[in-house]
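Heads up, the thing below is written out as C-alpha cells.
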Amino acid sequence: MAEMPKAYDPSAHEDAIRRRWEDSGYFTPEKLPGKRTESFTIVMPPPNVTGTLHMGHAVMLAVEDLMIRFERMRGKRALWIPGTDHAAIATQTKVEKLIMEKEKKTRHDLGREAFLKRVEAFAAESHDTIVNQVRMMGSSCDWSREAYTLDAARGESVNEAFQQLYDMGLLYRGDRVINWCPRCASTLADDEVEYKEGETTLYTFRYAKDFPIAIATTRPETKVGDTAVAVNPEDARYKKFIGQEIRVDFLGVPLTLKIVGHRAVDAGFGTGALGVTPAHSQVDEQIARENDLPALQVIGEDGTMTALAGAYAGLSVLEARKRIVADLKQVGLIEREETVGQNLSVCYRCGTPVEPLPKLQWFIAVNTHFPFAQSKRHPIQGIKDGQEVTLKEVMSHVVKTGQIKIVPERFEKTYFHWIDNLRDWCASRQIWFGHRIPVWYHSEKKGDDAYAVGAPPKGSGWQQDGDTLDTWFSSGLWTFSTLGWPDEKAKDLATYHPTSVLETGYDILFFWIARMILMSVALRGEVPFKEVYLHGLVRDEQGRKMSKSLGNIIDPLDMIAKFGTDAVRLSLVVGSTPGNDTRLSEEKVAGFRNFTNKLWNIGRYVLTTTSGETPDEPPAPKTLADRWILSRLAVTQEKVTALLGTHQFSAAGEALRDFTWSEYADWYLEISKGQKQDADPASTDAILRFSLATLLKLWHPFMPFVTEMLWKEMGEKELIMVADWPDHIGLEDVIAEREMQRVQDVVIAIRNVRSEHKINPKQEIEVNLAAGSERELFIQNAAAVSDLANACCVAFDDREKKAEEVAAVSGAVQIYVFLPTVGDEKSEAKLTARAEELERYIALIEGKLANEEFTGKAPPAVIEKEKQKRVTAAEELDKIRKQLG
RNA sequence: GGGCGGCUAGCUCAGUUGGUUAGAGCGUCACAUUGACAUUGUGAAGGUCAGAGGUUCGACUCCUCUGCCGCCCACCA
C-alpha cells in the first residue's frame with residue numbers, strides 16, 4: 001500500500017482516476033461486467049455551444065451522474081448519452097456580435113456560406129471546452145454515443161420528422177401574425193418573447209370628425225391598417241353600432257371599418273372600443289378571423305411603413321407614430337393623451353421591440369385531430385391505435401395518467417396550464433444557423449405543386465427554403481434521435497427507449513420537455529421518458545442569479561481546482577431539493593471539502609491499523625458495540641438505497657454523512673481502539689474493513705473520486721464504479737431490537753456523562769448513582785458498558801464493588817462506573833398527561849366513554865369516522881407506556 | 001389579470017401519507033488537543049414553524065383569509 005498523506009489532495013489523484021474509468025470502457029453499457037437485463041437511460045440535456053459550462057450545468061452533471069452510478073452499481077445497463085446543442089439563434093447572435101466587434105461586419109457582409117463556416121468554427125471550439133468540463137466533473141457518460149443536435153445523423157432525424165409530421169397533417173404552412181424581431185430579421189416563438197416594464201402614451205382619437213366612436217391606442221401608426229372597430233357586445237354605448245360598416249378617410253388613407261362585437265374587449269379600458277389591426281396584433285388577428293375581416297400589412301419586415309401607409313410609407317415605426325400624432329393633433333382628432341404602464345414585448349436575444357407581422361411560416365398543429373399511431377413496444381395507455389386525437393390531448397394525457405411523472409409534482413400543474421394555452425408552434429426561423437427546412441419551392445409552378453417536402457425533387461427550377469428550424473425542433477427529438485431513429489431497427493432504440501429519467505432545470509420545462517413529449521408521442525407513439533426530475537437554479541450567496549454583469553459567477557472549474565470535484569458535487573446535491581433554487585457559497589463547498597478529507601482519514605486510519613481480508617459478507621459481531629455499528633450500517637444502507645431510489649438525493653447524502661461522521665468515525669472507531677486491546681482484534685479489524693468498504697460503495701455515486709481512490713488503497717483490483725451496490729446487510733434479524741436500544745442508551749448515557757462533567761475520555765471521575773430503575777438499567781447493561789469502557793468513562797457510587805462485578809463479566813481492565821441522569825420531571829409529566837388523554841380518547845371511540853364526558857365536542861358521526869384511527873392512537877399509547885416504564 | 005412557490009434557529013435550508021420533546025450544516029460560545037483527521041473532538045445557547053381563523057382527541061403538516069418576498073404565464077388596445 002502506498003503511503004497515504006494526512007490530507008487528501010484531490011488534484012493529485014483525480015486525473016489518474018478519470019483515466020482509469022475511461023480506459024475501463026464501463027461508461028459504455030455493453031462493456032459492463034455481468035449479465036444485465038434492465039436498462040437505465042438518461043439523455044444529457046445538451047449544453048449550448050455558446051460558451052462554457054456554469055454551475056447550472058454542474059448541478060445537472062452531479063445529479064445525473066449520481067443516478068447513473070447508482071443504477072450501474074445496482075446491476076442495470078446504465079447508459080448516459082452526452083451531447084451538445086447548436087442553439088440556433090443563441091449561437092448565431094453570439095457569433096454575429098463577435099464579428100461585429102472585431103471586424104465591423106454583419107452576417108450579410110460575409111454571405112451565408114462564409115458566415116456559417118465562422119459559426120461552425122466557433123461551435124467546434126466551444127464544444128471542445130464543454131466536453132472537457134463535462135469530463136472534469138467525473139461524468140460517467142458514454143462518449144462513444146456522443147451526439148450534436150446539428151450533426152449529420154440528427155439532420156436525418158430532423159428531415160424524417162419534418163416529413164412525417166407533414167404527412168400526418170400536423171405540419172402546415174400558414175400566413176399568420178408572428179413575433180418578428182426586426183433586428184434579428186427573424187420570427188420568434190411565443191416563448192422567445194420577453195416583456196419589459198415601461199411607460200407609454202395612450203392616445204384617444206377618432207378616425208374622422210364624424211366617426212361615432214373614439215378609440216384608445218398606444219400605437220397610432222398601426223391605425224392605418226385598421227379594418228374594424230371592436231366593442232364588447234354587452235356595451236350599451238356601442239351595441240347599436242355593431243354590424244355597421246363605415247368608410248373614413250384617415251389622414252389621407254381610406255379605411256373601411258366594420259363595427260364588430262367581441263368578448264375580448266374590456267368595456268372599462270380606454271373608450272371601450274378597440275381599433276382592429278389584423279396584420280399587427282395576434283388578438284386582432286383572432287377577432288378578424290372570427291369576423292372574416294381583411295388584413296392590411298402596413299409595417300414591413302425592416303420595421304418601416306409599407307406602401308399601404310399612404311403618406312407615411314418608408315418611415316420607421318417611431319417616426320410614423322410621431323408624424324401621425326402630430327397630424328391628428330393638427331386636425332383636432334386627438335381627444336386625450338395619458339401616460340400608462342405597459343409591458344413592451346422584446347426579443348429575448350437582443351432586446352429589440354418585437355413587431356407582430358403576418359408571415360408565411362411553418363407551424364406544428366397542436367389542435368388538429370390526427371389518427372394516433374401507437375408504439376408496438378411501449379404503447380401509451382388509454383389511447384387506442386388509430387384513435388383521433390390532438391397533440392395537445394396526448395401531451396396532457398401522458399402526464400395526467402402518470403405515464404410521465406414530474407418531480408416535484410407541483411410542476412405538473414404548471415405544465416397543464418401551459419398546454420391548455422398552447423397555440424400552434426411556429427417552427428421556422430429566418431436565421432442561417434440551424435437545420436435548413438427540407439422543403440423545395442418551384443419558381444414557376446403554382447398551388448400545391450409549387451413545393452415539395454422531404455428529399456430534393458428531381459428536375460430543375462427547385463430551390464430549398466432559405467429558413468431554418470427552431471432549435472427546439474431538433475432537440476425535441478433528442479431522446480430518440482440519439483438512439484438511431486429513424487432507423488426503426490436500430491438496436492439502441494429497442495434497448496434504451498423510452499428513457500428512464502429526464503433531468504434538467506425547471507426553467508426549460510416548456511421550451512424543451514414539452515417539445516420532447518410532443519415529438520415522441522407524435523413520431524413514436526410512446527413517451528420519451530418515464531420521469532422528469534427538475535433541479536433548481538443555482539444562485540449566489542445572496543440569492544441573486546449568477547450573471548456576468550453582477551460579477552458573481554462561481555466557476556465550477558475554479559471550485560474543482562480549489563476544493564476537489566467530490567466536494568463540488570456534494571455541495572450541489574446535499575442541501576437542495578428538486579425544483580427549489582439553492583444558494584451556493586465557497587464556504588459551503590469548503591465544508592464538503594472537509595468531509596471529503598474526513599472520509600479520507602477514516603480510510604487512512606482503518607487501512608493503517610487493520611490487517612486481513614476485507615470480508616464480502618458482514619462478519620459476526622463479537623461485542624455489543626460490533627452489533628450496534630453493524631446494525632446501524634444495515635439501517636443506513638437500507639435508508640440510503642430507498643432515498644436514492646425515490647430521487648431524494650439530499651436526504652440520502654445527509655443520512656450517509658451523519659452515519660459516517662457521527663457514528664462510525666466518532667464512536668465506533670474510538671471504541672475499536674480499546675476493543676482491539678481487550679477483545680478480539682481480528683474480529684474488530686474485519687468489522688472495520690467491512691464497514692469501510694460498504695460505506696465507500698454507498699458514497700461512490702456522490703463522491704466518485706475519493707471513494708475510487710480509497711477502494712484501490714484497500715487492495716481492490718476492480719473499480720468501485722462497477723462494484724455491487726450493498727444489499728440487505730441482514731443484521732436486523734440477528735440483533736434484537738431491545739439489545740440495540742440498550743447499546744444506544746449506553747452511548748447516549750456516556751455522551752451525557754462527558755458533557756456534564758467535562759471530562760476527557762481517559763479521565764477518572766466519580767459520580768453518585770441515581771436512584772432505582774436507573775441503577776437496574778445500568779446493571780443490565782454492564783456488559784455493554786464494559787465494551788465501551790476503554791473509550792469512555794463510567795462511574796458508580798459503590799464503584800469498587802460494581803467495578804469488580806463488571807470487570808468479571810467483561811474482562812475489561814479498568815471500569816469506572818457511572819449512571820446517567822435521565823428523564824426530567826417536566827417531560828415525564830407531559831408524557832403522563834398525554835397518555836391519559838389517549839386512554840380517554842380510545843375509550844371514547846370504543847364507546848366506553850360518553851361524548852359529554854370527553855370534551856363534549858365530537859358528534860357521533862365523527863366518532864364513527866375516527867374509529868379507524870384507533871390503531872395509531874393505541875400504538876402511540878403503547879410507546880409512551882413503555883417509555884414511562 | 002391568472003397561476004405557482006417561499007416565509008421554520010443569527011445565516012442557508014430539511015421536515016413524503018397529521019402523532020411523543022420540530023432537525024442538519026455553517027456561525028456563535030465553552031471545553032479539549034502528543035491521537036487517522038486542527039480540513040479535529042465533546043458540549044451549550046438559540047425556534048409563539050409569517051399572522052389570524054377553522055377542521056381534529058392532536059396541526060409545521062389539511063382548509064379559509066391576510067401580509068411580505070420571489071417566479072411563471074397571459075397581456076389591455
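Just so we're on the same page: letters track the sequence lines, and every chain starts at 1. The figures that follow rest on heavy atoms only: side chains count, while hydrogens, waters and symmetry mates do not.
- Pairing partner, B:rC49: none, since no Watson-Crick or wobble contact has both distances short of 3.5 Å.
- Both A:Ser345 and A:Ala651 lie near RNA chain B, and the one whose nearest nucleotide falls closer to the 5' end is A:Ala651.
- At a cut-off of 3.5 angstrom, the base of B:rC37 holds at least one donor-acceptor pair with the side chain of A:Lys598.
- Residue contacts for A:Gly575: at a heavy-atom cut-off of 4.0 Å it reaches the sugar-phosphate backbone alone, with no base atom in range.
- Pairing for B:rC11 goes to B:rG25, judged as Watson-Crick or G-U wobble with the two contacts each under 3.5 Å.
- When distances are taken from the side chain of A:Lys6 to each of B:rA77, B:rA36, B:rA24, the shortest belongs to B:rA36.
- Base contact: A:Ala665 has a heavy atom under 4.0 Å from a base atom.
- B:rC31 is paired with B:rG41 under the Watson-Crick or G-U wobble criterion, all donor-acceptor distances under 3.5 Å.
- Side-chain atoms of A:Arg604 lie closest to B:rA36 of the nucleotides B:rC73, B:rC75, B:rA36.
- Rounding to whole angstrom units, CZ of residue A:Phe649 and C1' of B:rC13 are separated by 18 Å.
- If you take CZ of A:Arg583 and C1' of B:rA14, they are 16 Å apart, rounded to a whole angstrom.
- In this structure B:rC68 sits in a base pair with B:rG6, meeting the Watson-Crick or G-U test at under 3.5 Å.
- Between A:Ser281 and B:rA77 there is no side-chain N or O to OP1 or OP2 distance below 4.0 Å.
- Distances shorter than 4.0 Å separate none of the side-chain N or O atoms of A:Arg410 from OP1 or OP2 on B:rG5.
- Within the 4.0 angstrom heavy-atom criterion, only backbone atoms of the sugar-phosphate kind lie near A:Thr577; the bases stay farther away.
- In this structure, A:Glu285 places its CD atom 12 Å from P of B:rC75, rounding to the nearest Å.
- Searching all strands for a Watson-Crick or G-U wobble partner of B:rG18 with both distances below 3.5 Å returns nothing.
- Spacing between atom OH of A:Tyr203 and atom P of B:rA77 amounts to 13 Å, rounded to whole angstrom units.
- Using a 4.0 Å heavy-atom distance criterion, A:Val276 is classed as making no nucleic acid contact.
- Contact annotation for A:Arg593: base contact, defined as any heavy-atom pair under 4.0 Å involving a base atom.
- The partner of B:rG1 is B:rC73, by the rule that a Watson-Crick or G-U pair needs both atom distances under 3.5 Å.
- With a 6.0 Å radius and a threshold of 12 heavy atoms from other residues, nucleotides or ligands, A:Arg544 has its CZ atom above the threshold.
- A:Glu285 and A:Ser281 are not linked by any side-chain donor-acceptor pair at a separation below 3.5 angstrom, with hydrogens and angles left out of the test.
- Between the CZ atom of A:Arg544 and the P atom of B:rU12 there is a distance of 14 Å, given to the nearest Å.
- A distance of 10.5 Å separates OH of A:Tyr415 from CG of A:Asp420, quoted to the nearest 0.5 Å.
- Contact annotation for A:Thr414: no contact, since no heavy-atom pair falls under 4.0 Å across all strands.
- A:Glu541 places its CD atom 9 Å from the C1' atom of B:rU12, with the value rounded to the nearest Å.
- When the P atom of B:rA36 is taken as reference, atom CG of A:Asn594 falls 19 Å away, rounded to whole Å.
- Here B:rG5 presents its P atom at 11 Å from CG of A:Asn580, a figure rounded to the nearest Å.
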